[in-house]
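Let me begin by presenting the structure, written as structure tokens, before commenting on it.
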There are 2 protein chains.
Amino acid sequence: MYGLMMDTPLLIWSLIEHAKQNHPDTQIVTRGTEGEIRRYTYSDLHRRSMQCANALRSLGLQPSDRIATLAWNTDRHLELYFGVSGSGLILHTINPRLHPEQIAWITNHAEDQILCFDLTFLPLIEAIAPHCKTIKHYILMTDAAHMPSASKVPNLLCYETLIQAASDQFDWPILEERTAATLCYTSGTTGNPKGVLYSHRSTLLHTYAICMPDTLNISARDCILPVVPMFHVNAWGLPYAAALTGCKLVLPGPGLDGKSLYELFEQEQVTLSAGVPTVWLGLLAYVKQNQLKFSTMHRTVIGGSSVPPAMLKTFEIDYGVQVLHAWGMTEMSPLGTSCTLKHKHAALDRETQLAIKCKQGRAVYGVQMRIVDDEGQTLPWDGQRSGHLQVKGPWIVREYFKEEGGNPLLPDGWFPTGDVATIDADGYMQITDRSKDVIKSGGEWISSIDLENLAMSHPSVQMAACIAVPHPKWDERPLLIVMQRSGETVSKEQLLAHFQGKIAKWWMPDDIVFVDTIPLGATGKILKTKLREQFADYKLPETFNAR
Amino acid sequence: MYGLMMDTPLLIWSLIEHAKQNHPDTQIVTRGTEGEIRRYTYSDLHRRSMQCANALRSLGLQPSDRIATLAWNTDRHLELYFGVSGSGLILHTINPRLHPEQIAWITNHAEDQILCFDLTFLPLIEAIAPHCKTIKHYILMTDAAHMPSASKVPNLLCYETLIQAASDQFDWPILEERTAATLCYTSGTTGNPKGVLYSHRSTLLHTYAICMPDTLNISARDCILPVVPMFHVNAWGLPYAAALTGCKLVLPGPGLDGKSLYELFEQEQVTLSAGVPTVWLGLLAYVKQNQLKFSTMHRTVIGGSSVPPAMLKTFEIDYGVQVLHAWGMTEMSPLGTSCTLKHKHAALDRETQLAIKCKQGRAVYGVQMRIVDDEGQTLPWDGQRSGHLQVKGPWIVREYFKEEGGNPLLPDGWFPTGDVATIDADGYMQITDRSKDVIKSGGEWISSIDLENLAMSHPSVQMAACIAVPHPKWDERPLLIVMQRSGETVSKEQLLAHFQGKIAKWWMPDDIVFVDTIPLGATGKILKTKLREQFADYKLPETFNAR
């Protein structure tokens, strides 16, 4: 027997309709590609999203056609979020930090019909346009005044000209809620990039989930600034969450350096921000150097890779900014866990609370987790045993676009995340490694992340990466690669002394190498594949082998 | 084109599975029917819900069979919430305050197969059992020691005996998410009671919605005590929200007097409570009389009927308890709006903020609202024009069980709430009346709620109700019925003087009648139908006609 409630599908356009009705005058602030500040409201966003939908429709598209973007976090990108998905097309956000060849490959694989891009990327588009076989129109996300007088890009249109010519009345279609809404490719380190095709349903359930008090806790009293790019898993869902809650939204454009961000935080009274650890390194350095404080920002979401405990403490203790440690992946829309305390933790001292917050946190309701050993046996949640982390839920990938890479799921329907983790009895998960980064020494696992965090807790260390190098006796042993803070020097011996007593003796790195720079990927994560190539023939000294 | 995310249905059992995995040791505290305190955890609740599901299955039921309850807010009732709906049966909660004949009628209409009830209701069940045609088993929600030695109730089973004999392993069924989960009847003032049949989907979407920071803001750091009964629209969804968030849960059983509630609030460190205004009158009287304070309760949800502004101020200013004014109805699962402030309101003074909080608040995302005039024309959101409030959304009724009362929706699919309201430009809705209570004087509307709130702001007034009485010239005029605080006296003239200058002159009540008691319905609301009957032949004095 079925329930007798209204059959209202969960659709992305309902978010912007809700915001326009209930928060018409709440501000959306953008720092554009030329550094200028633009300011409008949800009411304007609603109107322009409808104009955007009409403008696209006039270009002769079919339902579910892919519309690609190569763009920063801006108002215009936001209009495409609602105008494209809302009208039944699929928004395909592309990471501009990928290799141009890879970008062209992705647009061909996705069969993108239109590519919208920021002025910043004009040279890139000119270079790849000849290789993009399916794109019929290129739309430059600027106004007529900023259009290039001549360009090698074929069929180049001006976004503002299109919008202004379009009607601001649009009947949003009543779609089946499982209809595809957005497409993001993972920049896999092996094989071709794989597309994750989110539905309206998965997006809306994820949006509810991320706004919850135990997740990112977003309300109409917040002003949020997503540093995480809108080309990276839909900026972790924050643009949708903003419309759902009617919070003030600040979009930083391309200015992601410490100074630019800090100025926006202060000027716009930002209460909540979100980004990867590497972004916060720059911000904290700027704030420290200039002896500044955050006057309104009291929470920041850090995800994408583990938060170094030292960074967590700096934010929480030195600056009074609460860190929301979160974990997820493109295949998970992206949020899987977030780290907030429970009722029973209220009485704990600050140190103990911070130790909990260093974990990636508890499963957001909707996400099921388990850890298994190499044989697939489920492991207990004791905070000790680490195993391969697997997940299930309504915003987790079932298969990749065009079945690229084959069936990603295990026979019993769970998705293997590729992470290695512990989960404690209270449900707090902690990533100890990527499955492929784990260092297998003498049949046991050494966590590369633990060693990196320990290295980064040394005041002279800016960034650290730990990789496995082959070892004749122990199979693999850890090599620590360190980038020092500018002006600082620490010796190998000093750093090893810093490790002493803090880890099991056999976890001690067999060697430390100092480098000028550590390679980062397109989403700001350390590229261990690059490091492994670079140090493929590295010979470990005998002396450092502790076992 | 469909998205490629996992097809995970939204099912009620996933809530208790989540709580058991992530919050195994979080407490659930119950004050039982004999006043005793019982204490267990989500892990126990999970195990016993499975035993409950097995016990019911052993009684030979079909999927979607209705299991009725006549019970207080207790752990056992909670086990039925998850054990019944989780296993694919339908939980039918009945309001024990209804007339016994009506209860019997409802069980027959619902074709209940089993009726579970608390010891308190044994005499009631003995009286109605002969009239309940479909019930095969009666289950007394107690242990063997408390079972009556003899009873007129046929096939009487003991809940604890059943549970303890049942296996604690149960495979929750993977249902279609639109499968019916729970059934509540509205105690309509006209016609037969009508059943609202909620689905797993509608329940889970509603649960996400009520936990949001702008709704009830429930997290794992809360300890909630729902005073609102579990037989009244599933206690506004709080039992589900508790499992979703893993907050501590305190269930007060039958002890809803001020003293019993206050003691539980303090002993269990309750942070959030929820109930109708009449319950809070009793609590506030007790707290005032004994010069007490709330040491942990910092928020309370008040709904079911409008919060009198005087009560709101008492809670907020005298006791530092934040009031969450909410509005909804059985047909809406029940939540439609909640009143929280926005970013732009932070700088307002306390008085202005409190004035906003007297409104019923903004639509919870998922609920669409509109107001229309008598001709069905949509009215603007200007905070001035009042109209019939209509709603739409995935947790709003489409039709009643067995199509009782015909199609409840308007031709364009909106549900008429029967409320009259204004909505302001920021989306804040304020109920000004029930459509049937509005006083139509000289072609214009007088808000009975405004007059009642004004009366209740007088220190001598305990409760007030305003009804329309026929008038030869103006069609209808307001009659105010007042119940004074014990020991207080206020004259008709003094009370009218209190109105002077605070309302339009033609809104002034034509007369005031003092009564010893005002009739309340089964959910604690004033029964205006009764009052209208009582004062049907009331002759208004000429002198008070202000127009």
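To find a chain, count down the sequence lines: A is the first, B the second, and so on, and within it residues start at 1. Just the heavy atoms: all of them, side chains too, but no hydrogens, waters or symmetry mates, feed the values below.
Of the atoms belonging to B:Ala181, not a single heavy atom falls under 4.5 Å from chain A. Only the backbone of B:Pro9 comes within less than 4.5 Å of a heavy atom in chain A; its side chain stays farther off. If you measure heavy-atom distances from B:Leu204 to chain A, the contacts under 4.5 Å come from the side chain alone. Contact annotation for B:Asp25: only side-chain heavy atoms (C-beta onward) come within less than 4.5 Å of a heavy atom of chain A. Contact annotation for B:Asp426: both backbone and side-chain heavy atoms come within less than 4.5 Å of a heavy atom of chain A. With a 4.5 Å cut-off on non-hydrogen atoms, B:Lys248 touches chain A through its side chain but not through its backbone. Residue B:Glu331 touches chain A through its backbone alone, counting heavy-atom pairs closer than 4.5 Å. Of the two parts of B:Leu11, only the backbone, made up of N, CA, C and O, holds a non-hydrogen atom closer than 4.5 Å to a non-hydrogen atom of chain A. The contact between A:Phe415 and chain B is made by backbone and side chain atoms together, counting heavy-atom distances below 4.5 Å. Of the atoms belonging to A:Leu175, not a single heavy atom falls under 4.5 Å from chain B. For chain A, the nearby parts of B:Trp395 are the backbone and the side chain; heavy atoms of each come within less than 4.5 Å. A:Ile210 does not touch chain B: none of its heavy atoms, backbone or side chain, sits under 4.5 Å away. Proximity to chain B (any heavy atom under 4.5 Å) is restricted, for A:Arg66, to the side chain, taken from C-beta onward. At a 4.5 Å heavy-atom cutoff, B:Leu183 makes no contact with chain A through either its backbone or its side chain. Of the atoms belonging to A:Asp222, it is backbone heavy atoms, and not side-chain ones, that fall under 4.5 Å from chain B. Looking at B:Glu177, the atoms closer than 4.5 Å to chain A (heavy atoms on both sides) all sit in the side chain, from C-beta outward. Only the side chain of B:His18 comes within contact range of chain A, judged by heavy atoms closer than 4.5 Å. Only the backbone of A:Ala425 comes within contact range of chain B, judged by heavy atoms closer than 4.5 Å.
For A:Ser85 (side chain) and A:Ile90 (main-chain N/O), no donor-acceptor pair under 3.5 Å exists by modelled atom type. Side-chain N or O atoms of A:Glu268 include none that pairs as donor or acceptor with a backbone N or O of A:Val270 at under 3.5 Å. The backbone N or O of A:Tyr365 sits less than 3.5 Å from a side-chain atom of B:Tyr208, completing a donor-acceptor pair. Side chain of A:Thr207 to main chain of A:Thr203: a donor-acceptor pair is present (N/O by atom type, distance under 3.5 Å, no hydrogens or angles). Using a distance-only test at 3.5 Å, with no hydrogens or angles considered, no donor-acceptor pair links the side chain of B:Ser202 to the main chain of B:Tyr198. No donor-acceptor pair under 3.5 Å is formed between the side chain of B:Arg221 and the backbone N or O of A:Ala346.
Highest contact tally toward chain B, considering only A:Asn22, A:Leu205, A:Leu10, is held by A:Asn22 [criterion: heavy-atom pairs under 4.5 Å]. For the set B:Leu409, B:Thr245, B:Ile218, B:Val367, the count of heavy-atom pairs under 4.5 angstrom toward chain A peaks at B:Ile218. For chain B, the option among A:Gln368, A:Lys392, A:His200, A:Arg201 with the highest count of heavy-atom pairs below 4.5 Å is A:Arg201. The candidate from B:Gly427, B:Ser199, B:Ala180, B:Pro213 with the greatest count of non-hydrogen atom pairs under 4.5 Å with chain A is B:Pro213. Annotation: maximal heavy-atom pairing with chain A below 4.5 Å, among B:Pro24, B:Ala363, B:Gly88, occurs at B:Ala363. Each of A:Leu197, A:Thr271, A:Leu341, A:Asp424 has some count of heavy-atom pairs under 4.5 Å with chain B, and the biggest count is that of A:Leu197. If you tally non-hydrogen atom pairs under 4.5 Å between each of B:His345, B:Glu399, B:Met369 and chain A, the highest count goes to B:Glu399. Most heavy-atom pairs under 4.5 Å with chain B, from the set A:Gln27, A:Arg362, A:Gln21: that is A:Gln21. Ranking B:Thr215, B:Ile423, B:Val397 against chain A, the residue ahead of the rest is B:Val397, based on heavy-atom pairs under 4.5 Å.
Annotation for B:Arg299 and B:Asn217: closest pair NH1-O, 3.0 Å, computed over non-hydrogen atoms.
For the pair A:Arg398 and B:Asp7, the salt-bridge criterion is met [side-chain N within less than 4.0 Å of a carboxylate O]. Salt bridge status for A:Lys194 with A:Glu403: absent, with no side-chain N to carboxylate O gap under 4.0 Å. Comment: B:Asp214 does not engage B:Lys342 in a salt bridge, judged by the lack of any side-chain N to carboxylate O separation of less than 4.0 angstrom.
Within the 4.5 Å cutoff, the side chain of B:Tyr42 has no heavy atoms near those of the B:Lys20 side chain. Taking the side chain as every heavy atom from C-beta outward, A:Thr340 and B:Ser219 never approach each other to under 4.5 Å.
Side chain to side chain, B:Glu17 and B:His46 meet the donor-acceptor criterion of an N or O pair below 3.5 Å. The closest side-chain donor-acceptor pair between B:Gln390 and B:Arg370 falls under 3.5 angstrom. Side chains of B:Thr182 and B:Asn234: a donor on one and an acceptor on the other come within 3.5 Å.
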| said: side chain to side chain donor-acceptor pair (under 3.5 Å) for B:Tyr428 and B:Thr337? Distances and angles first, verdict last. | reply: CA-CA 9 Å; B:Tyr428 291 83; B:Thr337 66; over 6 Å; no
